[in-house]
Amino acid sequence: MDYKQVLKKAGAVLIALAFWQLAAMLIHQRILLVSPIQVLLRLTTIWQTEGFFMSIWFTFYHIVAGYLLGVGFGILLAVLADRWSWIETLLWPWVITVKTVPVASFVVICLIWLSAKNLSSFISFLIVFPIIYQNMLTGLRTRDPKLTEMAAVFRVRGLRRLTMITLPQIRSYLVTACSITAGMAWKAGVAAEIIGTPNGSIGKMLYTSKMYLDTDDLLAWTVIIVILSVGFEKLFVWLLKKLLRDS
Amino acid sequence: MNIEISNLTKLYGDRGIFRDYSLTIKEHGILVIMGSSGAGKTTLLRLLAGLDYQDAGTIKGIPEKIGMVFQEDRLCEEFSAVENVRLVLPRVSGREKGKIDQKIREHLKKVGIPEDSQNQPVSGYSGGMKRRVALVRAMMADAELLLLDEPCTGLDEDTKEQVMKYILEQRRNRTMVVVTHSEEEAGGYGGEFLLLK
């Protein structure tokens with residue numbers, strides 16, 4: 001991104017914040033809408049809240065675990081489905097179901113079987129898995145058959161074949177899918193926590209803030225979720241790119 | 001061991017590329033195949049490489065280890081020339097790897113790939129340079145049979161001469177089948193001729 005683009009985007013953010021500040025001043029009802037300055041001020045003190053760091057760790061740990069499981073299973077099953085088409089057929093109804101059923105329905109259904117504590121992991125997994133699986137499968141299916149023939153003639157096998165022939169061809173599919181799903185896992189995971197309200201989670205903190213009409217806290221926690229989500233996505237995608245390039 | 005092609009039939013739809021065709025390729029020999037487009041030159045190479053299957057007939061005596069220059073370069077575009085060649089060589093580590101890389105560099109130099117570009121991704125190479133990397137890859141491979149499909153395509157006259165010299169030098173008595181359109185090039189290999197119609 002060039003310097004001018006960064007400036008333009010920063011300008012757009014500033015305008016949006018000014019608009020928000022103006023709206024808060026006009027409404028003048030802290031319960032309905034707090035100003036960005038008030039949210040910023042709350043962010044400087046919210047870390048002193050009891051259980052702040054534990055809540056962040058709890059939510060981070062569960063969502064990231066679900067995300068990584070989704071990525072792992074998505075890759076594994078795509079590789080198997082690419083090799084044996086009957087696996088793709090077998091998985092088809094599950095993938096379609098997971099993709100079409102609303103997250104909220106899944107959360108409520110899963111609450112019957114799972115403890116609220118582990119719900120966000122499972123929901124993150126459900127959101128991530130089908131997208132990783134389908135992107136990986138598309139990547140594997142669009143590999144250049146000419147390179148596959150070359151590898152067969154020269155008897156290139158194993159790790160060399162994976163790192164020099166397969167990975168470069170599927171890298172963009174995998175990185176894109178991981179980038180998209182990282183944000184989705186956080187959205188769905190936190191939504192599951194709000195419905196399940198497991199003790200010591202960010203979801204519970206958000207729910208409590210809403211119950212007490214503590215809008216400062218509600219928005220401050222939301223900002224923290226956004227920071228965690230974006231930070232995790234950037235870090236994971238950076239690590240993934242580095243791993244795939246260096247492999 | 002000679003390669004024996006007996007009563008080969010290869011069809012593409014209703015069209016017969018080969019019908020009841022027989023041929024012997026002598027062990028350690030050079031066979032230069034010429035012919036018009038669609039005569040089956042590349043098909044024959046693909047059958048020998050095991051990339052295509054005949055509809056009838058047998059092909060016997062094909063060694064397990066094959067080195068091939070395909071009609072297209074088929075390089076791993078984001079890797080360097082050295083890495084592309086190393087891909088088909090036996091895996092080594094440590095000091096041995098350094099020796100192998102040095103050998104690859106010497107081969108690449110022999111076909112006119114300058115040392116300063118040997119570590120650059122081949123995606124930035126010209127068509128002629130890519131062709132030469134594909135050729136070095138095939139010639140350096142641990143192969144008993146070399147299949148070269150128009151190895152000098154896209155090369156200027158001077159480079160072609162340099163490359164043909166390299167091919168003959170590196171053949172090292174291995175059985176070689178070359179497809180070419182150029183009569184002059186065909187004469188340069190000094191093997192048996194086969195004209196496919």
Side-chain angles (χ1 to χ4, degrees), chain A residues 1-2 71 75 78-79 82-85 132 135-180 234 236-247, chain B residues 42-43 45-53 62-93 97 100 104 121-123 130-131 133-149 174 177:
Chain A
M1 204 187 300
D2 63 31
V71 171
I75 293 172
V79 170
D82 177 54
R83 181 76 181 78
W84 296 287
S85 62
I132 298 286
N135 261 40
M136 266 296 287
L137 194 56
T138 308
L140 288 167
R141 295 259 161 94
T142 50
R143 277 176 301 172
D144 184 356
K146 288 175 179 170
L147 281 180
T148 310
E149 279 188 353
M150 182 276 287
V153 168
F154 286 105
R155 301 174 308 283
V156 181
R157 299 187 186 106
L159 196 64
R160 271 183 170 181
R161 188 171 180 148
L162 178 74
T163 55
M164 280 191 75
I165 294 170
T166 309
L167 280 181
Q169 295 185 77
I170 59 164
R171 184 191 293 141
S172 61
Y173 290 91
L174 185 60
V175 170
T176 306
C178 285
S179 174
I180 293 168
K234 300 283 179 208
F236 187 78
V237 169
W238 178 78
L239 282 172
L240 188 68
K241 279 183 178 170
K242 198 168 163 48
L243 182 78
L244 293 177
R245 198 176 297 130
D246 294 347
S247 58
Chain B
T42 297
T43 303
L45 286 197
R46 289 181 61 81
L47 288 164
L48 290 170
L51 296 173
D52 236 329
Y53 296 98
I62 295 179
E64 196 193 331
K65 295 172 178 176
I66 296 172
M68 188 169 183
V69 173
F70 298 85
Q71 213 168 27
E72 319 81 10
D73 304 312
R74 303 195 186 188
L75 297 173
C76 300
E77 290 286 321
E78 59 184 77
F79 292 92
S80 71
V82 173
E83 287 169 313
N84 266 283
V85 178
R86 199 199 293 138
L87 175 71
V88 304
L89 302 182
R91 189 181 274 274
V92 288
S93 56
K97 191 178 166 228
I100 291 279
I104 296 171
V122 295
S123 54
K130 284 182 183 178
R131 198 70 187 146
V133 175
L135 177 70
V136 170
R137 181 179 65 185
M139 299 309 287
M140 283 195 79
D142 175 24
E144 297 155 57
L145 171 65
L146 298 168
L147 304 171
L148 313 182
D149 198 348
R174 293 179 285 183
V177 182

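Residue numbers begin at 1 in each chain, while the letters A, B, ... track the order of the sequences.
- No part of B:E77 comes within reach of chain A, as not one of its non-hydrogen atoms sits under 4.5 angstrom from that chain.
- The closest side-chain heavy-atom distance from B:L51 to A:M150 is not below 4.5 Å.
- Of all the heavy atoms in B:G67 and A:F154, the pair that sits closest is CA-CE2, 3.8 Å.
- Classification of B:R46 and A:E149 as a salt-bridged pair holds, one side-chain N sitting under 4.0 Å from a carboxylate O.
- For chain A, no part of B:A143 is nearby; none of its heavy atoms comes within less than 4.5 Å.
- Counting heavy atoms from C-beta on, the side chains of B:F70 and A:V153 come closer than 4.5 Å.
- Of residues 168-179 of chain A, those residues with a non-hydrogen atom less than 4.5 Å from any non-hydrogen atom of chain B are, in numerical order, A:P168, A:R171.
- Atom CD in B:E72 sits 8.5 Å away from atom CG in A:D144 (nearest 0.5 Å).
- No part of B:L147 comes within reach of chain A, as not one of its non-hydrogen atoms sits under 4.5 angstrom from that chain.
- Within the 4.5 Å cutoff, side-chain heavy atoms of A:M164 are placed close to those of B:F79.
- Taken from CG in A:L147 to SG in B:C76, the straight-line distance is 5.5 Å, to the nearest 0.5 Å.
- Between A:R155 and B:V88 there is no side-chain heavy-atom pair separated by less than 4.5 Å.
- Here B:R131 pairs with B:D73 under the salt bridge (charged side-chain N to carboxylate O under 4.0 Å, His left out) rule; sequence neighbours left out.
- Of the atoms belonging to B:L89, it is backbone heavy atoms, and not side-chain ones, that fall under 4.5 Å from chain A.
- In this structure a side-chain-to-backbone donor-acceptor pair under 3.5 Å is present from A:R160 to B:L87.
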